[in-house]
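Step one of this worksheet: look at the structure below.
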Amino acid sequence: MHLEPPRVLVVDDDPTLRQLVVVNLELEGFEVHEAVDGQDCLERIREIAPAVVTLDIMMPRVDGWEVASRLREDPATADIKLVVLTAATREADLRRGARVGVDYYLTKPFDPDDLVGVVQRLVAGQRV
């Protein structure tokens, strides 16, 4: 019996940062998909069906807050784990993240090993 690797959707409009996240997660055995912004994420989320989404906040078309809210409101995507990767670190941003149901908040710049550890724990159903 072959187990499928957990799927992660990396959503960021910065191609360099997106690639950094993708490479680090792939090295740990995740099946990684990419979305170039929030709209791209929302259009493809059901077909990809990720266990975890890493989500930038400041993006064109649809920002990360709107994406997180929409994912949480839809019963088909409400249980997907959300990891926010952002430079927005004001207390108001942290409270907003808690209100929309973000599972973990990682500030840029971040250590890729920290991100991998968070994703691994979320996929395993552990608290982070």
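These figures come from a predicted structure and were not determined experimentally. Positions are given from 1, in the same order as the sequence printed here.
Connection of Tyr104 to Phe30 is established within a shared hydrophobic cluster, with ILVMFWY side chains joined at heavy-atom distances below 4.5 Å, either directly or through further cluster members. Grouping the Ile, Leu, Val, Met, Phe, Trp and Tyr side chains by contacts below 4.5 angstrom, directly or via other members, places Leu17 apart from Ile57. There is a path of hydrophobic side-chain contacts, each under 4.5 Å, that joins Val62 to Leu82. By the criterion of side-chain heavy atoms lying less than 4.5 angstrom apart, applied directly or through intervening Ile, Leu, Val, Met, Phe, Trp or Tyr residues, Val118 is grouped together with Val22 in one hydrophobic cluster. Cluster membership for Val84 and Met58, using ILVMFWY side-chain heavy atoms within less than 4.5 angstrom, is shared.
Taking the side chain as every heavy atom from C-beta outward, Val11 and Met59 approach each other to under 4.5 Å. Between Glu73 and Ser69 there is a side-chain heavy-atom pair separated by less than 4.5 Å. Counting heavy atoms from C-beta outward, Asp56 and Arg18 have side chains that stay 4.5 Å or more apart. Between Val53 and Lys81, every side-chain heavy-atom pair lies at or beyond the 4.5 Å cut-off. Side chains of Val21 and Phe110 form a contact here, defined as non-hydrogen atoms less than 4.5 Å apart.
Separating the CG atom in Leu42 from the OG1 atom in Thr77 is a distance of 8.5 Å, to the nearest 0.5 Å. Note that CD of Glu66 and CD of Gln39 are 10.0 Å apart. Values are rounded to the nearest 0.5 Å. The CG atom of Asp113 sits 9.5 Å away from the CD atom of Gln120 when rounded to the nearest 0.5 Å. Atom CZ in Arg61 sits 4.0 Å away from atom CG in Asp37 (nearest 0.5 Å). Considering CD of Glu26 and CD of Glu31, their distance stands at 9.5 Å, rounded to 0.5 Å.
Salt bridge Asp103/Arg72: present, at least one basic N to carboxylate O contact under 4.0 Å. Ion pairing between a basic and an acidic side chain is recognised when a charged N comes within 4.0 Å of a carboxylate O; Asp12 and Lys108 show such pairing. Salt-bridge formation is not detected for the pair Asp93/Arg96: no Lys NZ or Arg NE/NH1/NH2 atom is positioned less than 4.0 Å from an Asp or Glu carboxylate oxygen. Salt bridge Asp74/Arg70: absent, no basic N to carboxylate O contact under 4.0 Å.
Each of Leu20, Val52, Val8 was checked for a side-chain contact (heavy atoms from CB on, under 4.5 Å) with Leu25, and the lone residue meeting it is Val8. With Leu85 as the fixed residue, the side-chain contact (heavy atoms from CB on, under 4.5 Å) test singles out one of Thr107, Leu115, Leu55: Leu115.
Within a 6.0 Å sphere centred on CG of Asp111, other residues, nucleotides and ligands contribute more than 12 heavy atoms.
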Which pairs would a plain distance check flag for residues 121-128, meaning a side-chain donor or acceptor within less than 3.5 Å of a matching protein atom at least two apart in sequence or in another chain?
from, atom 1, to, atom 2, distance (Å)
Arg121, NH1, Gly117, O, 3.3

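In this structure a side-chain-to-backbone donor-acceptor pair under 3.5 Å is present from Arg7 to Ile48.
Between Pro5 and Gly29, the shortest heavy-atom contact is CB-O, 3.1 Å. Scanning both residues, Ala68 and Val100, for their nearest heavy atoms gives CB-CG2, 3.9 Å. What you find for Val67 and Gly38 is that their closest heavy atoms are CG2-CA, 3.4 Å. Of all the heavy atoms in Val10 and Thr54, the pair that sits closest is CA-OG1, 3.3 Å.
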Go through the steps for Ile45 and Ile80 under the test side-chain contact (heavy atoms from CB on, under 4.5 Å), then give the verdict. CA-CA 10 Å; Ile45 192 82; Ile80 295 171; 3.9 Å; yes
